[in-house]
Amino acid sequence: MEMKTQILTAEQLDVAVELLKNGECVAFPTETVYGLGANALDEEAVKKIFLAKGRPADNPLIIHCASKAQVFNLVTEIHPEAEILMKHFWPGPLSLVLSKSDIVPKIVTGGLDTVAIRIPDHPLALTLIERSELPIAAPSANTSGKPSPTRASHVYADLASKIPAILDGGSTGWGVESTVLDCTVYPFRLLRPGGVTVEELREFTAVELDAGVYEDQQNNEKPRSPGMKYRHYSPNATVILVEGDNIPSRINQLVKEQDLTTTKVGVLATSETKQLYSGLTVLEMGSRTDLRQIAANLYHLLRQVDELELDLVYVEGLTNDQMGMAIMNRLRKAAGYKVVYS
Ligand code: AMP
Ligand code: MG
């Protein structure tokens with residue numbers, strides 16, 4: 001359905017609250033990326049999220065709460081170590097997969113008996129949830145398959161005329177989505193790396209990495225995290241990730257094989273090596289020594305690739321440690337797992 005999409009300022013937050021209470025969906029900022037929220041307990045409202053995003057029905061949504069009391073209503077049991085994680089990392093970019101209670105409709109969980117939940121660390125998100133007095137189901141507010149939105153303008157570019165409103169809170173802080181941790185198995189299983197690193201989690205509990213962290217799950221019939229089987233974060237351009245010890249020279253060598261009169265080639269480069277590419281469109285991700293900065297810039301840069309109408313983009317690989325695990329996970333997906341080693 002076509003509709004006019006309002007951009008709301010923080011002062012107009014109550015307009016968003018009313019929309020949520022009336023079974024509509026609204027995009028809002030969190031500390032990770034913008035979410036597209038609706039009342040998690042209202043099937044019809046949740047349907048609107050799937051429709052606006054073009055999201056496959058088996059890809060479950062994360063429910064956003066403002067308090068632990070609200071969380072306890074949605075689940076049946078919580079492992080004691082999961083409670084410890086809640087204490088240390090909430091509010092924050094950590095979604096915990098727990099067994100769901102009967103009040104959570106299956107449309108939210110993609111048919112699963114488990115539900116992913118978190119308390120976001122963003123004043124507008126928290127106020128919105130508190131004032132609506134509802135648990136809010138919210139996936140990233142992008143068209144399915146596109147890079148997640150880190151600015152209100154990104155949401156507008158994807159969802160204008162498909163949703164009634166976007167609450168504008170400026171750029172989001174982290175820039176990559178929350179970490180998704182399955183706490184229904186022990187050791188807990190990391191399904192998606194994100195804002196909270198596996199190193200940080202392991203200070204409190206045992207964590208195993210799901211295969212989806214590194215490998216393509218597209219042909220996996222039953223991945224533990226259904227979202228991981230879908231291609232994600234992809235610009236229209238062909239993206240190639242280059243890893244190893246001689247990245248700039250390998251990229252320059254690969255560029256030589258291209259006909260630059262017909263192919264518009266770009267590089268996503270770190271600050272340390274950006275000057276090593278001549279005659280190419282270079283987009284600067286940030287310094288290798290500041291992975292948080294790279295995470296914050298990542299999705300905006302992937303969207304710029306399309307705005308600049310690049311045909312082919314080489315991306316410099318980074319470490320898989322700390323925040324690098326989440327960034328590299330998204331880059332492998334953006335590249336459709338096309339990785340070259342140098
Ligand atoms: P997004 O909403 O774009 O942040 O995507 C949500 C992610 O959380 C997807 O990768 C889902 O597969 C994952 N997720 C949500 N709920 C569950 C669940 N109950 N079990 C496993 N993974 C989940
Ligand atoms: Mg998403």
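Residue numbers count from 1 along this sequence. Note that this is a predicted model, so its numbers are computed, not measured. First listed ligand is number 1; within each ligand, the first listed atom is number 1.
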Are Arg292 and Trp174 in a cation-pi contact, defined as NZ or CZ under 6.0 Å from the six-membered ring centre and within 45° of the axis?
-> yes
Full working for side chain to side chain donor-acceptor pair (under 3.5 Å) between Arg55 and Asn59 = CA-CA 7 Å; Arg55 184 173 176 107; Asn59 190 356; 3.2 Å; yes
Answer side chain, backbone, both or neither: which part of Thr114 comes under 4.0 Å from ligand 1, heavy atoms only.
-> both
Minimal non-hydrogen separation, Gly35 against Thr30, with atom names = N-CG2, 4.5 Å
Taking only Lys NZ, Arg NE, NH1 and NH2, and the carboxylate oxygens of Asp or Glu, determine whether Asp210 and Arg189 approach each other closer than 4.0 Å.
-> yes
How close does the nearest protein non-hydrogen atom get to atom 21 (C) of ligand 1, and which residue and atom is it?
-> Arg224 O, 3.3 Å
How about His122 and Phe28: are their ring centroids closer than 6.0 Å?
-> no
Does Ile62 have a non-hydrogen atom less than 4.0 Å from ligand 1?
-> yes
re atom 13 (C) of ligand 1, the protein heavy-atom contact at minimum distance is Ser225 OG, 3.5 Å
Provide the number and element of each atom of ligand 1 under 4.0 Å from a heavy atom of Leu191.
-> 21 (C), 22 (N)
Select the closest option to atom 3 (O) of ligand 1 among Ala137, Ser99, Ser140, judged by heavy-atom distance.
-> Ser140
State the atoms of ligand 1, each with its element, that fall below the 4.0 Å cut-off from a heavy-atom position in Arg192.
-> 1 (P), 4 (O), 5 (O), 6 (C), 7 (C)
Checking only N/O/S atoms, does Ser140 have one that is under 2.8 Å from the Mg ion (ligand 2)?
-> yes
Do any N or O atoms from the side chain of Asp158 and from the backbone of Thr143 form a donor-acceptor pair under 3.5 angstrom?
-> yes
Scanning both residues in full, the closest heavy-atom pair of Lys162 with Thr5 reads N-OG1, 4.1 Å
Within 4.0 Å of some non-hydrogen atom of Pro139, the atoms of ligand 1 are 2 (O)
Are any of the heavy atoms in Arg55 under 4.0 Å away from ligand 1?
-> yes
In terms of residue, atom name and distance, what is the protein heavy atom nearest to atom 17 (C) of ligand 1?
-> Pro60 CG, 3.4 Å
Heavy-atom nearest pair, Glu31 first then Pro93, reads OE2-N, 3.2 Å
Atoms of ligand 1 under 4.0 Å from any heavy atom of Leu112, numbered from 1 in the order shown, are 18 (C), 19 (N), 20 (N)
Does a side-chain heavy-atom distance below 4.5 Å link Asn236 with Glu309?
-> no
Heavy-atom proximity to atom 11 (C) of ligand 1 ranks first, among Val108, Val180, Asn59, for Asn59
